[in-house]
Structure formats: C-alpha cells, structure tokens
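One structure below.
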There are 4 protein chains.
Amino acid sequence: MGDSRFAAPAAAAPAHAKRERRKQARPGELLDAALELFVEKGFAATRSEEVAARAGVSKGTLFLYFPSKEELFKAVVRENISGRFPEWNQAFEHFEGTTAEMVRNCLRIWWERVGTSKASGIGKLIMSEARNFPDLAAFCQQELVEPCEQLICRILQRGIERGEFRPVDLQYTAYNIMGAMVFLINMKHSLGACLPLDQQLDPERFIASQAEILLHGLRVRCDEPAGGCPRP
Amino acid sequence: MGDSRFAAPAAAAPAHAKRERRKQARPGELLDAALELFVEKGFAATRSEEVAARAGVSKGTLFLYFPSKEELFKAVVRENISGRFPEWNQAFEHFEGTTAEMVRNCLRIWWERVGTSKASGIGKLIMSEARNFPDLAAFCQQELVEPCEQLICRILQRGIERGEFRPVDLQYTAYNIMGAMVFLINMKHSLGACLPLDQQLDPERFIASQAEILLHGLRVRCDEPAGGCPRP
Amino acid sequence: MGDSRFAAPAAAAPAHAKRERRKQARPGELLDAALELFVEKGFAATRSEEVAARAGVSKGTLFLYFPSKEELFKAVVRENISGRFPEWNQAFEHFEGTTAEMVRNCLRIWWERVGTSKASGIGKLIMSEARNFPDLAAFCQQELVEPCEQLICRILQRGIERGEFRPVDLQYTAYNIMGAMVFLINMKHSLGACLPLDQQLDPERFIASQAEILLHGLRVRCDEPAGGCPRP
Amino acid sequence: MGDSRFAAPAAAAPAHAKRERRKQARPGELLDAALELFVEKGFAATRSEEVAARAGVSKGTLFLYFPSKEELFKAVVRENISGRFPEWNQAFEHFEGTTAEMVRNCLRIWWERVGTSKASGIGKLIMSEARNFPDLAAFCQQELVEPCEQLICRILQRGIERGEFRPVDLQYTAYNIMGAMVFLINMKHSLGACLPLDQQLDPERFIASQAEILLHGLRVRCDEPAGGCPRP
DNA sequence: AATGAATGAGGATTCATTCAT
DNA sequence: CATGAATGAATCCTCATTCAT
C-alpha cells in the first residue's frame with residue numbers, strides 16, 4: 001500500500017536530484033505524519049504545525065503540498081483506503097482449501113497487512129470524524145465498508161454452498177467479523193493505547209479466537225469440529 | 001439514567017418553585033446537550049456556546065456550573081457511565097431461565113436501555129477522545145469495559161457450569177459480544193448516521209443475529225434446541 | 001453626517017445602561033477608526049488589531065461587530081457615502097441668489113462639511129482600492145460620483161438657463177470641479193500629508209481660486225461683475 | 001521612457017548575445033510588471049511572486065535584481081518619474097505660437113506621452129502609497145509635482161506677460177490643470193477601470209475640454225475667444 | 001443567578017525572503 | 001545566473017473564559 005503514491009518518474013534528473021527526491025517523498029511523509037496525529041488526537045485537536053514537525057518540515061511547507069488542513073485530512077483518508085480490495089478479492093478467488101481456512105486466513109492477513117500498520121488507525125479516525133466530513137463518510141462506506149462486507153459475504157456463501165457452513169444471514173454474519181475487527185482496532189488506537197501493556201489484549205490470540213467463535217457459530221453439526229466437513 | 005444525578009431535595013421550597021426546579025435541572029440539561037454535541041462533532045470541534053445554546057442558556061451560565069469545557073467533558077463521561085452495572089449484575093443474579101435466554105436478554109435490554117438512548121453515544125465519544133483524556137480512559141476501562149466484560153463472563157460461566165455451553169475462552173468470547181455492541185454503536189453514531197435510512201442496519205435484527213451466531217457456537221449439541229438444554 | 005448611524009433607541013433600558021451605550025457606539029467607533037487607518041495606510045497594509053486598538057477595544061471585539069476585515073471595509077465605505085446627496089440637492093433647490101454664488105457655496109459647503117471631516121478620506125480610499133473591490137467601485141460610482149456630477153450639472157444648467165453662464169459642455173465642466181475636489185482631497189490625504197505645513201496648500205484659497213477661474217470662464221460678458229448678471 | 005534605463009553597452013558580446021540581452025532587459029521587465037501590478041492592486045496586495053510571474057521569471061530571480069519588495073517599489077517609482085521635465089521645459093522654451101496653443105499642446109502631449117502609457121499609473125500609485133513611503137512622497141513632490149507646477153506656472157506667466165491671459169494666482173491656477181490630470185488618471189486606473197466601456201470618459205475630449213475651460217477662465221475680455229489676443 | 005460584551009491566547013494560513021541545487 | 005523548495009514571521013480570525021451589569 002502507498003508504495004505507488006506520488007510515484008516519482010523512474011529516472012530522476014541528475015541535477016536537483018536530492019531536492020527532487022525530497023519533493024517526491026514529502027507528500028507521503030506528511031500524510032503519514034498526519035495519519036498518526038489525527039488518529040492519536042483527532043482532526044480538530046491536531047495542530048497543523050505538529051503534523052509538519054513530525055514530518056520534519058516547517059509549518060509553511062505543509063501548505064505547499066496541501067491547500068488546507070481539511071484537504072490534508074481528506075487526502076489522508078483517501079490515501080489510506082485506496083482500493084486494496086480488488087487484489088484481496090482475487091486472492092480468495094482461487095483459494096483451494098476449506099472455507100474455514102479462508103476465514104482464518106482472511107483475518108490473519110488483514111491483521112498482518114493492515115492491523116499492524118499505521119493504516120489501521122484510519123478506522124478509528126473515520127468513526128471519530130465521519131459526522132464532521134459527511135462526504136468522506138460516503139466515500140468510506142463505498143470504498144471500505146461495502147467491499148469488506150462483500151468479500152466476507154462471498155466467503156460465507158462459498159462455505160454454505162460447499163456444505164461447510166450452515167445457512168445463515170450473510171450480511172449480519174459478516175458484521176460479526178467486522179465487529180471483531182472494529183473492536184480490535186479501537187482497542188489498539190483508543191482505550192487500549194491508554195492501558196498498561198499487560199492489560200492490553202493479544203491481537204494474535206484475539207484474531208484466532210474470534211475466528212473460532214464464528215466458525216463454531218457456523219458449524220453444521222455440533223459434534224463436528226468447527227469448520228464443518230466439506231461435502232464429499 | 002440521569003434520574004438520580006444532582007438529586008434535588010425531595011420537597012422543593014414552595015416559593016421560587018419553578019425557578020428552583022430549573023436551577024436544579026440545569027446541570028443535567030447542560031450535560032445532555034454536551035453529550036449530544038460531543039458525540040456528534042467531537043470534543044475539540046464543539047464550541048461551548050453551542051452547548052449552552054442547545055441547553056437553552058447563555059454562554060456564561062455554562063461556566064457557572066462547570067469550571068471549564070474540559071471539566072464539562074469529564075462530567076459528561078462520568079455521568080453517562082456512572083454505575084449502572086451494580087443493578088444490572090443484580091438483574092442477572094436471580095435470573096431463572098436458560099443461559100441462552102440470559103444472553104439474548106442481556107443484549108436486548110442493553111439495546112433498549114442504553115443503545116436507543118443518548119447515552120449510547122458515550123461509547124463512540126470515548127473511543128474518539130480516549131487518548132486526549134487518559135485519566136478518563138482509565139476511568140472508563142474500570143467503570144465500563146471491565147464491569148461489562150465481567151458481567152458477560154459470569155453469564156458465559158453460568159452457561160458452561162450448567163452444561164448449556166461448551167467450554168470456551170471466557171474473556172475473548174466476551175469480546176465477541178462487546179465487539180458487536182461497539183459495531184452497533186458506531187454504526188448508529190458515526191458512519192451509519194451519514195447513510196440514507198434504507199441503508200442503515202436494523203438494530204433488532206443485528207442484536208438477534210449476533211446472539212444466534214454466538215449461541216449456536218456455544219451449544220453443546222446441535223440437535224438440542226438453540227440455547228442448549230438445561231441439565232435435569 | 002453619520003450622526004444617526006446605528007441610532008440607539010431613544011430611551012435605553014435603565015439596567016445595562018452603560019454597557020448598552022457602549023455597544024451601540026462600538027460599530028461607529030470602529031468604523032471611524034477603520035476609515036482613518038484605511039485612508040492612512042490602505043486596506044491591505046492596515047492590521048485589524050490596529051483598527052481595534054484605535055477604537056479602544058481588543059482584536060476580538062472587532063470581529064464581534066464585523067465578520068471579517070473585508071466586511072469592515074465595505075461597511076466603512078457604505079457608511080461614509082450613504083446618501084448625503086438628497087439633502088444637498090434640496091439645499092440648492094430653493095436657492096435664491098446668483099448661480100455663481102451657488103457654485104461658490106457648493107464648493108465651500110462641501111469643504112466644510114466633507115473636506116474637513118474624516119469622511120473626506122473616503123475619496124482617496126476608493127481611488128486606491130477600487131480595483132480590489134469592484135462591487136464597491138460600482139456602488140461608489142452610483143452613490144457618489146454620479147449624484148455629484150448631476151448636482152453640479154444642474155447648477156451649471158441653471159446658470160446657463162438664466163443667462164448667467166455661457167453655454168458649455170455640462171458634463172466635462174462638472175469634471176473640472178470634481179477634478180479640483182479630487183486634487184484637494186488627495187493633497188490632504190496623500191502627498192500633502194507628507195509635506196511640511198508651510199508647503200501645504202491652503203484649502204480656502206484653493207477653493208476660492210478654482211471657483212473664480214471657472215466662473216470667469218463661464219461669464220457671458222467680462223465687464224459684468226464676476227458671476228454674471230442675471231437676465232433682466 | 002524606459003529607453004535609457006539600465007542602458008546596455010552599445011555592442012554586446014557576440015556570444016551569449018541573446019542571453020545577455022535578456023539579462024540586460026530583466027530589470028526593466030520586472031519594473032514594468034511591478035508597475036502594472038502595483039497600480040492595479042496596490043503595493044501590499046501585490047505578491048512578489050505575481051510580479052516575477054508577469055515578468056516571466058521565477059520568484060528567486062526577482063530578488064536577484066532587487067533586494068526587497070520595498071526596494072522594488074522604490075525603483076518602480078523612481079524609474080517612472082525620472083526627469084522628463086528638463087526636456088519638456090526645453091520643448092517649451094523655444095515655442096513660438098500663442099500661449100493658449102502651448103497650454104493645449106502641453107496637455108495633449110502629456111496625454112500622448114504619459115497618459116496613454118503604463119507610466120500613467122504612477123500617479124495613482126503614489127497617491128495610494130505616499131503615506132506608507134514618506135521618503136518617496138518627498139521625492140515625488142520634488143521630481144514630479146514641483147517641476148510640473150513650475151512648468152505650468154511658466155507657461156501661464158508667459159501668457160500673462162504677453163497679454164494673452166489676465167493676471168491670475170499662478171500656483172493655484174496651475175492646480176486647476178493638475179487637478180484635471182489627476183482626475184483623468186484616476187478615472188483611468190481606479191473607478192473608471194471598473195466601469196463598463198460606454199460609461200468611461202473620453203480622454204481626448206476630456207483633455208480638450210479642460211484646456212478650453214482653463215483658457216476661458218484666463219481670457220482677458222469675455223467677448224474675445226479663449227486664449228486672448230497676443231499683444232501687437 | 002443569568003447574561004452577553006469583552007478579552008487575548010492560540011491556531012490556520014500567507015508570503016517575503018533565503019539558499020541548495 | 002536561475003530556480004523553486006523551504007522557511008517562519010506576520011496576520012486574520014476563533015473561541016474558551018471572565019466579569020460588569
């Protein structure tokens with residue numbers, strides 16, 4: 001993610017090389033700094049100067065790249081949401097194993113790729129600021145929530161079709177997983193961030209346990225192990 | 001909720017009765033107004049004057065009751081968290097039915113009593129502001145998260161002890177329920193509040209489906225009716 | 001002029017009397033301070049805080065009365081232009097003497113009433129800022145330039161009709177008088193303000209001499225006393 | 001005007017010829033751009049970058065030629081005032097015709113040479129900024145106003161001496177013409193610039209009519225045509 | 001007790017000026 | 001020489017808080 005943003009021309013001019021490289025990197029550095037601070041303190045409570053300072057530049061420079069604090073915020077959100085779902089969908093298109101495995105994988109990969117990265121904060125950020133930026137809320141709903149919901153629904157559907165899962169309300173079952181994700185994100189960036197380390201929850205264990213809870217809730221027969229036995 | 005706060009003397013002086021009643025009610029009205037606005041826009045983006053206006057008083061009056069915006073915020077949080085759990089715990093102390101029924105009841109009652117009230121916003125509010133008010137975060141952890149977690153754990157424990165539920169990781173299973181609550185609250189006060197009505201999720205259906213998924217996963221045997229069969 | 005602006009209700013409430021009186025006076029005081037400073041330094045080079053300071057209030061107070069520096073500017077212009085012409089027109093409606101006397105009176109009264117007041121600066125101000133505030137320019141053209149032009153034309157017309165003046169190009173003759181006014185205003189507020197006192201021009205003498213040049217040029221016969229002889 | 005400023009060596013080195021020519025021309029191009037913009041928007045409201053852009057160079061280059069915006073401003077004024085009067089004075093030294101003709105010529109030539117050029121804006125500029133640059137004001141008074149006044153006075157003197165004009169207050173009569181010039185300049189660069197074309201005054205006609213008004217005011221006998229009859 | 005006019009510290013934003021390339 | 005990225009002082013404006021009425 002973010003690797004391709006503001007992509008510099010492959011071959012930079014030999015002169016101005018250093019400055020040019022800085023210039024190419026600036027927006028990304030500012031977005032990263034802004035993301036961190038907005039997640040930490042919220043949009044209104046973050047001073048533009050802090051963002052600049054954390055990105056290692058001065059106040060004025062920030063406004064060279066983003067015309068206003070508000071536009072910076074929008075850029076932060078857009079940048080950190082930008083379509084990761086197409087590749088994800090594909091990843092699961094050709095999956096061969098059991099659907100239970102898909103569910104477990106899905107959560108594990110999400111945690112590795114998103115949850116442990118700075119981008120995980122975007123979730124908390126949006127929840128906090130959605131009502132102050134309604135157009136961004138709509139954007140997130142379309143680009144983040146709905147694709148996520150659909151991906152999960154497709155996985156659940158596959159499990160049901162293959163007889164691994166009992167038939168359930170797809171949408172609201174997807175919300176079960178999404179609720180777990182939201183909970184984890186919030187524990188990481190809100191309350192949890194204020195807790196002493198030994199009281200914080202263990203993300204790996206959390207991910208694993210939530211998957212198992214769901215899979216148990218989906219099993220066809222109770223004496224089977226969670227994840228069901230695919231039809232012969 | 002809120003019924004007992006700043007409890008007025010049972011019998012008001014007959015003279016000045018109305019004014020007296022207003023005066024007694026002021027702090028509560030301000031807290032309500034503040035809660036609404038803080039949930040809507042966040043702490044920093046809410047102007048004290050707006051709070052006063054929504055409570056129907058003037059700017060100056062707000063500061064008669066709360067020494068600063070920050071203290072107002074803390075009062076809002078404390079007010080809306082303050083020990084509802086003792087009574088809740090009791091409510092479940094003497095419960096007679098199946099544990100599955102307890103779980104369903106617990107969620108349903110929570111939704112009715114808290115979820116549909118203004119106080120539901122406190123959850124979103126804390127998630128947004130926790131890191132700006134670490135002492136409040138600790139307070140919430142103690143007064144809100146832990147009691148909630150414990151209450152759920154006790155219910156789950158009961159189910160396991162009575163053979164209704166298979167043995168599970170109590171804490172992380174509790175988190176599954178809490179995740180659902182958090183998700184619901186957030187859909188109500190953040191993203192969901194920006195969605196057209198027909199796209200918003202149905203809270204009753206959400207509550208019911210989350211309970212069923214969990215309970216199905218907890219059942220000891222699938223041929224038993226949902227919620228397991230209490231031991232003879 | 002300006003005496004009636006933001007007119008306070010004749011009888012102020014007995015309570016809050018002092019503050020109320022201040023409040024009523026504030027906008028006028030701010031407008032006066034702003035006019036002075038804008039004339040002195042120009043719009044862009046005047047800091048809002050200076051305006052506030054000269055009006056004896058703090059920065060914040062200024063914005064209590066005018067939503068922005070730009071609105072303050074517009075108010076200053078409108079305030080100092082607002083229809084003084086109707087009464088002027090009337091003043092000359094019923095004039096009995098020679099038209100030469102009218103011309104002299106007109107200039108003399110203008111100088112006394114406007115030229116020596118702060119409002120005289122408005123002319124310089126508009127010339128300086130017209131292109132930055134095109135809508136104000138249009139307003140001034142309508143409310144200031146055109147009425148002035150028309151008033152002078154009517155006077156000249158009277159002189160011609162009564163045989164006191166030779167027939168002339170009304171409009172461009174009016175401009176000659178207006179040019180004198182503009183010159184005088186500019187000498188007072190621009191270059192002249194930077195000159196040592198003994199080099200500054202004498203307004204009375206200026207007014208008188210401009211009138212005499214014009215009137216001499218307008219006379220029908222030179223052996224008549226200046227100002228021509230009304231037809232028998 | 002501008003022809004002799006920063007005069008380049010008559011023969012440029014053959015190599016780098018073009019670049020050299022550019023380099024020599026730079027300051028002049030910057031001064032022209034600056035003049036235009038300062039006249040249009042005023043000193044404070046003009047951004048240095050705009051000046052550079054209009055001159056077709058970059059921000060940095062501007063400061064290569066002028067150490068500060070303020071110095072640029074002073075250079076603009078000096079450049080556009082620089083002694084044209086000596087030659088003008090001479091031009092009229094050996095004039096043969098009637099003095100009325102001199103007056104008419106003087107205005108016509110001024111309009112052609114100055115009024116229609118960019119340099120005409122300098123008048124408006126100085127009026128607007130005099131008080132912010134008192135030393136420039138003094139400079140203009142000496143180099144612009146006084147020479148102008150003196151030139152006109154000498155012309156009037158000649159007319160009087162030759163019996164073409166009646167005796168008048170030389171200085172204040174000179175102001176009559178100067179007022180007309182100021183008025184015309186202001187109509188061109190301030191209010192007039194905001195007016196629809198069909199409402200703008202006609203400079204040729206204005207010049208002609210102002211001359212006639214003055215000459216009528218100077219005539220010795222009213223039954224003579226303006227301009228009087230030179231003594232035999 | 002209640003008001004709302006006044007304050008001024010604080011934060012977003014602009015822009016003259018510098019300097020590495 | 002020329003550039004334009006970077007800077008930070010300066011300025012507009014907001015809003016929590018005070019206090020005279």
Side-chain angles (χ1 to χ4, degrees), chain A residues 13-24 26 44-52 56-70 72, chain B residues 16 19-20 22-23 26 44-52 56-72, chain C residues 13-20 22-24 26 44-52 56-70 72, chain D residues 16 19-20 22-23 26 44-53 56-72:
Chain A
H16 310 303
K18 221 176 242 167
R19 293 190 101 199
E20 197 55 22
R21 203 160 325 123
R22 292 304 293 164
K23 197 199 164 184
Q24 296 299 330
R26 278 285 137 74
T46 299
R47 289 182 306 134
S48 336
E49 196 164 9
E50 283 180 281
V51 175
V57 297
S58 77
K59 215 176 1 170
T61 303
L62 171 61
F63 290 94
L64 235 46
Y65 292 93
F66 301 94
S68 72
K69 193 185 168 192
E70 201 152 313
L72 172 63
Chain B
H16 310 303
R19 168 180 286 188
E20 196 58 23
R22 291 300 295 168
K23 190 178 128 191
R26 277 285 141 73
T46 298
R47 292 182 310 140
S48 334
E49 195 164 8
E50 282 180 282
V51 175
V57 297
S58 78
K59 225 176 351 178
T61 304
L62 171 61
F63 288 91
L64 236 45
Y65 291 94
F66 302 94
S68 74
K69 193 186 169 191
E70 199 153 314
E71 284 308 315
L72 171 64
Chain C
H16 311 301
K18 223 176 242 167
R19 295 190 101 199
E20 196 56 23
R22 291 303 295 164
K23 198 199 164 184
Q24 296 298 329
R26 278 285 137 74
T46 299
R47 290 182 305 135
S48 338
E49 195 164 7
E50 283 180 282
V51 176
V57 297
S58 76
K59 213 179 358 175
T61 302
L62 171 60
F63 291 96
L64 235 47
Y65 292 93
F66 301 94
S68 72
K69 194 186 167 191
E70 200 152 315
L72 171 64
Chain D
H16 311 302
R19 170 180 285 188
E20 197 56 21
R22 291 298 299 165
K23 190 179 131 190
R26 278 286 141 74
T46 299
R47 292 182 311 139
S48 333
E49 195 164 8
E50 281 180 282
V51 175
V57 298
S58 77
K59 226 174 351 175
T61 303
L62 172 61
F63 288 91
L64 235 45
Y65 291 95
F66 302 94
S68 73
K69 192 186 169 189
E70 201 153 314
E71 285 309 315
L72 170 65

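Heavy atoms only: backbone and side chains are in, while hydrogens, waters and symmetry mates are out. Chain identifiers are assigned alphabetically (A, B, ...) following the order of the sequence lines, protein sequences preceding nucleic acid strands; residue numbering begins at 1 within each chain.
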### Query
How does each nucleotide of nucleotides 15-20 of chain E score, in 5' to 3' order, for protein heavy atoms under 4.0 Å: base (B), sugar-phosphate only (S), or none (-)?
SSBB-B
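Between the P atom of E:dA6 and the CG atom of C:Leu62 lies a distance of 12 Å, rounded to the nearest Å. C:Glu50 places its CD atom 9 Å from the P atom of F:dC12, with the value rounded to the nearest Å.
Distance check, rounded to the nearest 0.5 Å: NZ of C:Lys23 to OG1 of C:Thr61 gives 12.5 Å. Atom CZ of C:Arg47 sits about 9.5 Å away from atom NZ of C:Lys59, to the nearest 0.5 Å.
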### Task
Would you write the dot-bracket representation of DNA chain E, where each base gets (, ), [, ], | or . depending on whether it forms a Watson-Crick or G-U pair under 3.5 Å and with which partner?
.||||||||||||||||||||
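Applying the side-chain contact (heavy atoms from CB on, under 4.5 Å) criterion to C:Ser48, with sequence neighbours excluded, gives C:Leu62, C:Phe63, C:Lys69.
Remark: side-chain polar atoms of D:Glu71 are not paired, donor with acceptor, to backbone N or O of D:Ser68 under 3.5 angstrom.
Between E:dA6 and C:Tyr65, a contact under 4.0 Å exists linking OP1 or OP2 to a side-chain N or O. For F:dA2, neither phosphate oxygen OP1 nor OP2 lies less than 4.0 angstrom from any side-chain nitrogen or oxygen of D:Thr61.
The shortest heavy-atom contact between A:Ala44 and B:Ala45 is CB-N, 4.0 Å.
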